[in-house]
Amino acid sequence: MEQVETLKREVAAALAQAGDLAALDAVRVAALGKKGSLTGLMAGLRDLDPEARKAFGAALNVAKDEITALLDARKAELERAALDAKLARETVDVTLPPRPERTGRIHPISQTRDEMVAIFAEMGFTVAEGPDIEDDWHNFTALNIPPEHPARQMHDTFYLPDRPDGKAAVLRTHTSPVQIRTMLSQQPPIRIVAPGRTFRSDYDQTHTPMFHQIEGLVIDEAIHMGHLRGCLIEFCRAFFDLPDLPLRFRPSFFPFTEPSAEVDIGCSRKGGELKLGNYGDWLEILGCGMVHPKVLDACGIDSTRYQGFAFGMGIERPAMLKYGIPDLRTFFEADLRWLKHYGFVPLDVPSLATGLTR
């Protein structure tokens, strides 16, 4: 029995000296391992008479339980101390500015969107938004797009399972549904721009299944084509930072506007390089027109009293033109090297007062 008490005192002293988990495991092996002190005492039970063996075996079992409890308690203490030391060693001051090598970049799409919004905001436009998943009525019918129109076909539109109310659901093919929702919820005068994601079944160097658009809508009693023309000329010249950028309006057709036009900007394509300016060539940049009376009527606006204009353009193409990005698909490849090259410093917030880009 004296040997048992001595063993417990020795283990307790060794545990107190164990400064880490490795030292603790060494104490455990020395006491309870196959060749440990307690195991050796248990091996001597076979040499005792039955009564002594019973008493000594019971004492050894109690000692084993006590030693195991001491080991567990010391292990918990050491683990807490190790965790505290690790937390103290790996503390990060989140109030410090990021290191230069970790500075993030604003994606060119986000930057271009903000630039466009900044220009239109100076003209008095406000930003409106809508859902990416639309019903057939908002995406097509209210915009005077008949059932037989090619834009409704499966090769252009991503159709989803019908909604519980029976309406056909689609991924919106343009941001024009935001115009419909705005006219349904507001009374004229209306002056909004609607940036956002759109979806069409197409993929190549100049098309992706998901892309971005920005559309504008103005509704009032005395709006005419001259207002539309002046608005877009000022926008294009401000966005590309070319005060004399030539523009031309070509007659076109869109179901939701009448009359309709496509806008071209002057450029040069010589030598495989595209340059903007008065060089004798043209590049289509956006579509526009006067809002069709049927669209106004569908939204509950009196088309005999109000009229307006609308326009829409992709965000990717102007970004490619302005910043020399050759392939549309690289916008969505999540390449950090590409983003570091074409991205923008987060604090460069676009503004006509301070400059769209610096």
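Keep in mind that what you see is a predicted model, and the values were worked out from it rather than measured.
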What I'd like to find out is whether the side chain of [X] reaches to under 4.5 Å of the side chain of [Y], using heavy atoms alone.
{"X": "Pro326", "Y": "Met320", "value": "no"}
{"X": "Phe331", "Y": "Ile325", "value": "yes"}
{"X": "Arg80", "Y": "Leu83", "value": "no"}
{"X": "Asp302", "Y": "Leu296", "value": "no"}
{"X": "Thr112", "Y": "Phe239", "value": "yes"}
{"X": "Phe332", "Y": "Glu316", "value": "yes"}
{"X": "Ile285", "Y": "Leu321", "value": "yes"}
{"X": "Val263", "Y": "Cys288", "value": "yes"}

For the backbone of [Y] and the side chain of [X], can you confirm whether one donor and one acceptor N or O come within less than 3.5 Å of each other?
{"X": "Arg172", "Y": "Arg197", "value": "yes"}
{"X": "His227", "Y": "His224", "value": "yes"}
{"X": "Asn144", "Y": "Pro255", "value": "yes"}
{"X": "Gln213", "Y": "Thr175", "value": "yes"}
{"X": "Arg317", "Y": "Leu286", "value": "no"}
{"X": "Asp20", "Y": "Ala23", "value": "yes"}
{"X": "Asn139", "Y": "Val170", "value": "no"}
{"X": "Thr257", "Y": "Phe253", "value": "no"}
{"X": "Arg74", "Y": "Leu15", "value": "yes"}

Legend entry - Audit row: Met313, Phe235, side-chain contact (heavy atoms from CB on, under 4.5 Å) steps and yes/no: CA-CA 12 Å; Met313 72 191 84; Phe235 164 76; 3.5 Å; yes

Return the minimal non-hydrogen interatomic distance between [X] and [Y], and the atom names on each side.
{"X": "Glu215", "Y": "Gly312", "value": "CG-CA, 3.8 Å"}
{"X": "Ala261", "Y": "Met225", "value": "CB-CE, 4.3 Å"}
{"X": "Ala169", "Y": "Pro161", "value": "CB-O, 3.6 Å"}
{"X": "Cys231", "Y": "Met123", "value": "O-CE, 3.6 Å"}
{"X": "Ala310", "Y": "Leu228", "value": "O-CD1, 4.3 Å"}
{"X": "Ala12", "Y": "Leu70", "value": "CB-CD1, 4.5 Å"}

Value rounded to 0.5 Å, distance of [atom1] in [X] from [atom2] in [Y]:
{"X": "Asp25", "Y": "Arg28", "atom1": "CG", "atom2": "CZ", "result": "4.5 Å"}
{"X": "Ser176", "Y": "Arg181", "atom1": "OG", "atom2": "CZ", "result": "13.0 Å"}
{"X": "Ile219", "Y": "Ser303", "atom1": "CD1", "atom2": "OG", "result": "10.5 Å"}
{"X": "Tyr306", "Y": "Ile223", "atom1": "OH", "atom2": "CD1", "result": "11.5 Å"}
{"X": "Ile233", "Y": "Leu247", "atom1": "CD1", "atom2": "CG", "result": "6.0 Å"}
{"X": "Leu21", "Y": "Leu78", "atom1": "CG", "atom2": "CG", "result": "5.5 Å"}

Legend entry - Step-by-step side-chain contact (heavy atoms from CB on, under 4.5 Å) determination, His341 to Arg105: CA-CA 9 Å; His341 178 76; Arg105 296 284 177 174; over 6 Å; no

Decide, yes or no, whether a salt bridge links [X] with [Y] under the criterion of side-chain N to carboxylate O below 4.0 Å.
{"X": "Asp72", "Y": "Lys75", "result": "no"}
{"X": "Arg113", "Y": "Glu129", "result": "yes"}
{"X": "Lys322", "Y": "Glu115", "result": "yes"}
{"X": "Arg200", "Y": "Asp156", "result": "no"}
{"X": "Asp162", "Y": "Lys167", "result": "no"}
{"X": "Asp327", "Y": "Arg329", "result": "yes"}

Transitive ILVMFWY side-chain link [X] to [Y], under 4.5 Å:
{"X": "Met210", "Y": "Trp338", "result": "yes"}
{"X": "Leu184", "Y": "Leu217", "result": "yes"}
{"X": "Leu245", "Y": "Phe249", "result": "yes"}
{"X": "Val117", "Y": "Ile106", "result": "yes"}
{"X": "Val62", "Y": "Leu71", "result": "no"}

Inset, instruction - For residues 232-249, pull every pair meeting side chain to side chain donor-acceptor pair (under 3.5 Å), keeping only residues two or more places apart or in separate chains. - result: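 For residues 232-249: Arg248-Asp264.
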
Inset, instruction - May I have the step-by-step check of salt bridge (Lys or Arg N to Asp or Glu O under 4.0 Å) for Asp165 and Arg163, ending in yes or no? - result: CA-CA 5 Å; Asp165 57 8; Arg163 295 184 173 186; 5.4 Å; no

Inset, instruction - Identify, with sequence neighbours excluded, every residue that meets ring-ring contact (aromatic ring centres under 6.0 Å, His included) alongside Phe311. - result: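 Listed in chain order: Phe120.
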
Legend entry - Ring geometry between Phe256 and His174 (parallel below 30°, tilted from 30 to 60°, perpendicular above 60°):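 The rings of His174 and Phe256 stand perpendicular, inter-plane angle above 60°.
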
Inset, instruction - Mark yes when over 12 heavy atoms from residues, nucleotides or ligands other than Glu148 sit less than 6.0 Å from its CD; otherwise mark no. - result: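 Enclosed: over 12 neighbouring heavy atoms sit under 6.0 Å from CD of Glu148.
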
